[in-house]
Amino acid sequence: MSVIAEARLRDGTRALIWPLLPSDREAVRERYETLSAETREHRFLASVPHLTDAMLDHLVDEVDGIDHVALALVVLDDDNVGGPVGVARMIRYRDQPEAADVAVTVDDAWQDRGVATALLAELLRARRAGVVQVLTTVAADNEASLAMLRRLGRNTVTPAGNNRLDVVVDLPDVPPGPDRSEDVGP
C-alpha cells in the first residue's frame, strides 16, 4: 500500500491518506454499518441502511485511480496503529470528461475535525488532468457538505427539488503530478 500523504487533523491527530484498494471491500462495508442514519442519508440522498454487493462493486471494485479515484484517511495513535475514518472519491462523468462528482464519507465521531478537508486536498491533487469542475447534488440541510464544496472553488448552487441542491464548483488549477494522465478522453 502506498501512502499518498501524511496529514494532521485540526486537533493534531496524525493521519495517513492512501488509495482505496479492492482488499478494503469488507472494511468499507463494516465501517458503513457504524454510520448514523443521517450520515448514511446525506451520503446517498436516500435511506440506505446497508451497502449491497452491487454498491460495493461500484464503490470499491470499480475504483481505477484515473476516472474513479478513491482515497481513505487512516488516523494513527501514539503506537502508530491506525484505523480508517473517512473516504473521499471523485468520479469523472463519461459524457462530460471535464467534470466529476465528489463524495466524502466521514465516521460520525470524526466529523468536524478536518478529515474531509485533508482528503479533498489530496483528491484534488490526484484528479485526472482536464477535470475542472465538480457537478454534484447534496441535501439542502447538509451544511457540512455545502461548506466543503464552497472551500473547493467558486460555486453555483441551484434548487434541485426534494430538499436537494445541485452544486457546480469551478476547481482551481493544480499542476500535473507525475502519475496523472494528460488524456482527457473516456
Side-chain angles (χ1 to χ4, degrees), residues 1-44 48 51 56 59-60 63 65 68-91 100-128 131 134 136 138-155 157 165 167 169-180:
M1 173 166 326
S2 64
V3 173
I4 290 177
E6 294 183 26
R8 284 245 182 228
L9 303 183
R10 286 188 201 119
D11 63 0
T13 300
R14 296 177 352 199
L16 299 175
I17 298 172
W18 59 59
L20 191 68
L21 302 171
S23 59
D24 295 323
R25 184 182 176 101
E26 287 310 308
V28 168
R29 182 191 312 267
E30 290 168 10
R31 295 304 284 198
Y32 186 81
E33 295 292 321
T34 69
L35 298 175
S36 69
E38 179 182 31
T39 296
R40 292 178 194 184
E41 184 142 348
H42 278 162
R43 170 59 184 92
F44 290 107
V48 178
L51 295 177
L56 285 164
L59 295 172
V60 180
V63 172
H68 183 164
V69 177
L71 303 176
L73 184 137
V74 175
V75 296
L76 299 174
D77 64 16
D78 291 336
D79 297 321
N80 290 322
V81 175
V85 299
V87 173
R89 67 185 65 247
M90 179 177 278
I91 303 172
D101 192 5
V102 169
V104 179
T105 306
V106 177
D107 288 4
D108 291 271
W110 288 91
Q111 292 177 9
D112 298 318
R113 296 172 75 174
V115 172
T117 300
L119 280 166
L120 282 170
E122 293 309 316
L123 195 61
L124 287 179
R125 281 191 268 283
R127 78 180 188 251
R128 180 103 180 235
V131 173
V134 167
T136 194
V138 299
D141 66 345
N142 190 343
E143 287 300 323
S145 286
L146 291 167
M148 171 190 78
L149 292 166
R150 281 191 297 270
R151 287 191 300 271
L152 289 182
R154 192 180 80 227
N155 275 239
V157 179
L165 300 170
V167 181
V169 181
D170 294 323
L171 297 173
D173 290 334
V174 175
D179 296 332
R180 291 178 56 223

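As a basis for the values below, the full set of heavy atoms in this structure was taken, side chains included, without hydrogen atoms, waters or symmetry mates.
Within the 4.5 Å cutoff, the side chain of V134 has no heavy atoms near those of the V167 side chain. Residues R127 and L171 have side chains in contact (heavy-atom distance under 4.5 Å, counting atoms from C-beta outward). Residues W110 and L73 fail the side-chain proximity criterion, which asks for heavy atoms closer than 4.5 Å. Put simply, the side chain of V48 does not reach to within 4.5 Å of the side chain of R40, judged on heavy atoms. By the 4.5 Å heavy-atom criterion applied to side chains, L51 and F44 are counted as neighbours. By the 4.5 Å heavy-atom criterion applied to side chains, L119 and L71 are counted as neighbours.
Scanning all heavy atoms of the two residues, the minimum distance from R10 to G114 falls at NH1-N, 3.3 Å. The shortest heavy-atom contact between I17 and A7 is CD1-CB, 4.3 Å. Across L59 and L20, no two heavy atoms sit closer than the pair O-CD2, 3.6 Å. The two residues V60 and P22 come nearest to each other via the heavy atoms CG1-CA, 3.7 Å. Looking at every heavy atom in both residues, V106 comes nearest to L35 through O-CD2, 4.0 Å. Shown here for M148 and V104, the closest heavy-atom pair between the two residues is SD-CG2, 3.7 Å.
In this structure, the separation between CG on L120 and CZ on R125 is 11.0 Å, given to the nearest 0.5 Å. Considering CG of L76 and CG of L16, their distance stands at 4.5 Å, rounded to 0.5 Å. One distance of note links CG of D170 with CG of L152; it measures 11.0 Å at 0.5 Å rounding. For the atom pair CZ (R128) and CD1 (I91), the distance works out to 14.0 Å, reported to the nearest 0.5 Å. Annotation: the span from H42 atom NE2 to Q111 atom CD amounts to 9.5 Å, rounded to 0.5 Å. The OG1 atom of T136 lies 10.0 Å from the CE atom of M90; values are rounded to the nearest 0.5 Å.
Within the structure, salt bridge (charged side-chain N to carboxylate O under 4.0 Å, His left out) pairs that include any residue of residues 106-115 comprise D11-R113, R31-D107 (at least two apart or interchain).
Partners of E143 by side chain to side chain donor-acceptor pair (under 3.5 Å), not counting sequence neighbours: none found.
Of the options I4, V69, D24, V63, a side-chain contact (heavy atoms from CB on, under 4.5 Å) to P19 is made by I4 and by none of the others.
The 12-atom threshold is exceeded at CZ of R151, counting heavy atoms of other residues, nucleotides or ligands nearer than 6.0 Å.
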| Would T105 and R89 satisfy side-chain contact (heavy atoms from CB on, under 4.5 Å), going step by step from the backbone distance to the final call? | CA-CA 9 Å; T105 306; R89 67 185 65 247; over 6 Å; no

